[in-house]
Amino acid sequence: MSAPRTWLLKSEPETYSIADLQKDGTTWWEGVRNYQARNFMMQEMQVGDQIFFYHSNAEPPGLAGLAVVSAPAQPDRTQFDPKSDFFDPKSTKSAPRWFCVQVRFVRDFRNLIPLSTLKQDKRLKDLLLLQRGQRLSVQPVPPKHAQILLQLAGE
DNA sequence: GCCAACGTTGGC
DNA sequence: GCCAACGTTGGC
């Protein structure tokens, strides 16, 4: 078992916010339909990994809180549900295409850390989130960046 | 609402 | 395997 890693998960707060996660306690991170993001969840995330919860398409966008991986990846059940927006007719139960981990609420940042603040911090210029055109919804956060983000959050 | 950047699809 | 068309993401 390797040391816990850190990830960043994006969510549109109108769809699912850190407050929703706080209310639910845990949730399966369903609906990811990007192979790179899926592979991170399937192959690399481990129970206990730290998660920064990012509010995208928000006013303002930014880091909203902390969560933790609470169960390893399993098939995303929305892919089999014809009524779901995330239904994938090409996926089968014997060979599911999409997987998701379970995440548990840890804490809400008292003050959201706006994207604009992250952009101003020179130490974060290599952070994947800040790279031009990137839109991956599940991203690894290297330890040195994780430490800075926690600092900004007042941990 | 705009639009740049990106991933996926499907014809060839 | 190429690549144009299309749909989506997400900041502004």
Side-chain angles (χ1 to χ4, degrees), chain A residues 5-24 27-45 49-69 73-103 105-142 144-154:
Chain A
R5 299 175 64 181
T6 302
W7 304 91
L8 183 148
L9 298 189
K10 294 182 186 173
S11 184
E12 301 194 12
E14 283 193 23
T15 306
Y16 198 84
S17 70
I18 188 76
D20 292 321
L21 182 59
Q22 180 165 24
K23 176 164 55 73
D24 293 343
T27 194
W28 290 96
W29 205 252
E30 293 168 337
V32 171
R33 295 293 180 269
N34 169 284
Y35 288 104
Q36 206 180 343
R38 179 204 67 176
N39 291 345
F40 281 136
M41 288 199 284
M42 237 172 96
Q43 299 167 0
E44 304 206 30
M45 278 194 186
D49 282 2
Q50 173 171 251
I51 294 167
F52 285 97
F53 196 112
Y54 179 82
H55 281 176
S56 60
N57 254 323
E59 190 46 57
L63 295 176
L66 280 178
V68 63
V69 177
Q74 67 164 39
D76 178 339
R77 63 210 162 109
T78 63
Q79 71 196 301
F80 305 123
D81 177 2
K83 293 196 288 290
S84 169
D85 287 345
F86 304 118
F87 178 59
D88 184 348
K90 293 183 187 158
S91 186
T92 62
K93 295 216 172 173
S94 57
R97 180 177 295 199
W98 304 110
F99 285 71
C100 59
V101 295
Q102 187 193 58
V103 309
F105 175 81
V106 172
R107 77 179 193 92
D108 192 335
F109 293 154
R110 187 178 308 167
N111 300 302
L112 175 131
I113 308 170
L115 179 61
S116 59
T117 299
L118 302 179
K119 283 181 170 172
Q120 285 163 19
D121 195 317
K122 291 196 177 66
R123 298 171 298 172
L124 296 173
K125 74 171 168 24
D126 296 332
L127 185 67
L128 206 53
L129 180 74
L130 303 181
Q131 304 314 304
R132 172 188 178 82
Q134 75 68 33
R135 45 185 227 194
L136 193 59
S137 66
V138 176
Q139 305 182 357
V141 179
K144 73 171 183 182
H145 288 148
Q147 203 176 348
I148 294 164
L149 296 177
L150 287 176
Q151 213 173 51
L152 293 175

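In the text below, chain A, chain B and the rest are named by the order of the sequence lines, each starting its count at 1.
- Not counting sequence neighbours, the partners of A/T78 by the side chain to side chain contact (heavy atoms under 4.5 Å, CB included) test are A/E30, A/R33, A/D76, A/S84, A/F86.
- Applying a 4.0 Å cut-off to non-hydrogen atoms, none of the residues of residues 81-94 of chain A approaches DNA chain C.
- The ring-ring contact (aromatic ring centres under 6.0 Å, His included) search around A/Y35 returns A/W98, not counting sequence neighbours.
- Applying the ring pair (Phe, Tyr, Trp, His ring centres under 6.0 Å) test between A/F53 and each of A/F109, A/W29, A/W7 identifies A/W29 as the sole match.
- Remark on DNA chain B: of its neighbouring residues A/R135 and A/N57, the 5'-side contact belongs to A/N57, judged by nearest-heavy-atom nucleotide.
- Qualifying side chain to side chain contact (heavy atoms under 4.5 Å, CB included) partners for A/D121, counting only residues two or more places apart in sequence or in other chains: A/R123, A/L124, A/I148, A/L152.
- If you walk DNA chain C from 5' to 3' and mark each nucleotide with an atom closer than 4.0 Å to a heavy atom of chain A, the marks span C/dG7 to C/dC12.
- Partners of A/R5 under the salt bridge (Lys or Arg N to Asp or Glu O under 4.0 Å) rule, at least two apart in sequence or in another chain, are A/E44.
- Residues forming a side chain to side chain contact (heavy atoms under 4.5 Å, CB included) with A/Q22 (at least two apart in sequence, or on another chain): A/F105, A/D108.
- For the ring-ring contact (aromatic ring centres under 6.0 Å, His included) test, no residue two or more places apart in sequence or in another chain qualifies with A/F52.
- Among residues two or more places apart in sequence or in another chain, the side chain to side chain contact (heavy atoms under 4.5 Å, CB included) test is passed with A/K90 by A/D88, A/R97.
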